[in-house]
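Here the structure comes first, spelled out in structure tokens, and everything after it is commentary.
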Amino acid sequence: MVEELKGAIALVGYGLAAIGPGIGIGIVVGNAIQAMARQPEAAAEARTTMFLGIAFTEALALIGFVLFFIA
Amino acid sequence: MISILAAAGCDPAEEIICAPAEVIELFEFKDALFSIGPLHFTRTVVLIFLAMFIVLAILYFGLRGNRLVPTKFGTAVESLVGFVRNDVAIGIIGPEGARYAPYLLSLFLFIIVGNLFEVTPFINFPLNSRMAIPLFLALTTWVIFVVIGFVKHKHHFLLDIVWPKSVPVALRPLVGLIELVSIFILRPITLAVRLFANMVAGHLMLTLLLASGWVFMSAVGDIGARAIIGVPWFVFGLGIFVFEIVVAILQAYIFTLLSAVYIQTSVHPAH
């Protein structure tokens with residue numbers, strides 16, 4: 001019974017793993033937009049830092065993505 | 001034709017689109033198209049060489065001759081080179097970043113060309129959706145930042161990671177362990193998997209949407225008016241096509257940016 005449900009559980013696990021990064025990327029991008037709106041002359045720097053923040057936050061979702069292959 | 005709509009069992013005898021039996025194909029090499037001596041050329045290898053020649057051709061024809069007024073194409077290539085050199089290499093690593101600009105530029109151009117194969121008609125195959133390629137590129141970056149760290153700071157490079165001075169003493173073993181794992185193991189893996197996962201997901205999405213649109217529309221003789229359901233799928237697939245061009249360029253940029261950041265942390269580990 002458990003063996004039959006294996007694939008579905010991995011997918012649910014990935015869905016759960018994507019919640020945190022989803023919220024995190026929302027916060028990062030939201031604050032970056034706020035920074036760009038408040039200080040348009042610093043927009044380039046804010047954008048670079050935003051991409052970095054997204055990339056680091058995304059790492060958690062990517063670790064969850066690996067489950068798709070190993071589960 | 002019921003099988004198209006239901007697609008219940010996956011019987012290879014019927015011509016329906018079904019899930020591949022094994023995802024291992026993404027990590028293994030298939031049979032070679034042709035071989036030269038001990039070198040076996042699969043489609044992926046041919047595309048690697050094609051991407052290499054495209055990058056070389058762009059740089060050669062864009063920058064050949066030392067014209068006072070560059071051609072239109074030359075200006076475009078110059079602005080691309082200037083972007084990677086000034087904004088990414090010098091902007092992130094600092095004044096000595098110009099030394100790493102050639103590596104970052106070749107990384108950027110190779111990844112961008114390889115990714116754009118995904119939306120090139122008749123190729124339709126993102127180079128980085130085979131794990132070997134992003135993994136190799138990520139390991140190259142890993143070797144560079146580890147070697148630079150040890151050459152520039154000797155044993156202090158490793159010591160500062162496992163015993164961070166800026167953290168309270170009680171927390172140092174824990175933070176050191178996390179930093180050690182994150183820098184030496186998680187960094188190359190996430191760097192590679194980020195590119196790989198984005199390309200696989202985009203490729204799958206395009207294949208599913210366009211192929212289901214095509215399958216439904218071409219079955220109009222059998223299923224009649226219900227074939228109309230293929231039209232929105234096809235249109236949606238074309239919309240995703242544009243989105244994938246953006247993703248291809250953005251992922252190349254992020255890979256280059258993160259490589260620069262990792263090199264920067266080895267050049268100046270204090271901050």
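Labels below follow one simple rule: chain letters A, B, ... track the order of the sequence lines, proteins then strands, and each chain is numbered from 1.
Of the possible polar contacts, none joining the B:R85 side chain to the B:A101 backbone as a donor-acceptor pair under 3.5 Å is found. Between the side chain of B:E244 and the backbone N or O of B:V119, no donor-acceptor pair lies under 3.5 Å. With hydrogens and angles ignored, the 3.5 Å screen pairs no side-chain donor or acceptor of B:Y103 with any backbone N or O of B:I144.
For a residue to count as touching a neighbouring chain, one of its non-hydrogen atoms must lie under 4.5 Å from one of that chain's; by this rule B:I92 touches chain A with the side chain only. When heavy atoms are compared at a cutoff of 4.5 Å, B:V193 approaches chain A by way of both its backbone and its side chain. There is no contact between B:L191 and chain A, counting heavy-atom distances below 4.5 Å. Interface residue B:N198: only side-chain heavy atoms are found under 4.5 Å from chain A.
Taking every heavy atom of both residues into account, B:R194 and B:I254 meet most closely at CD-CG2, 4.0 Å.
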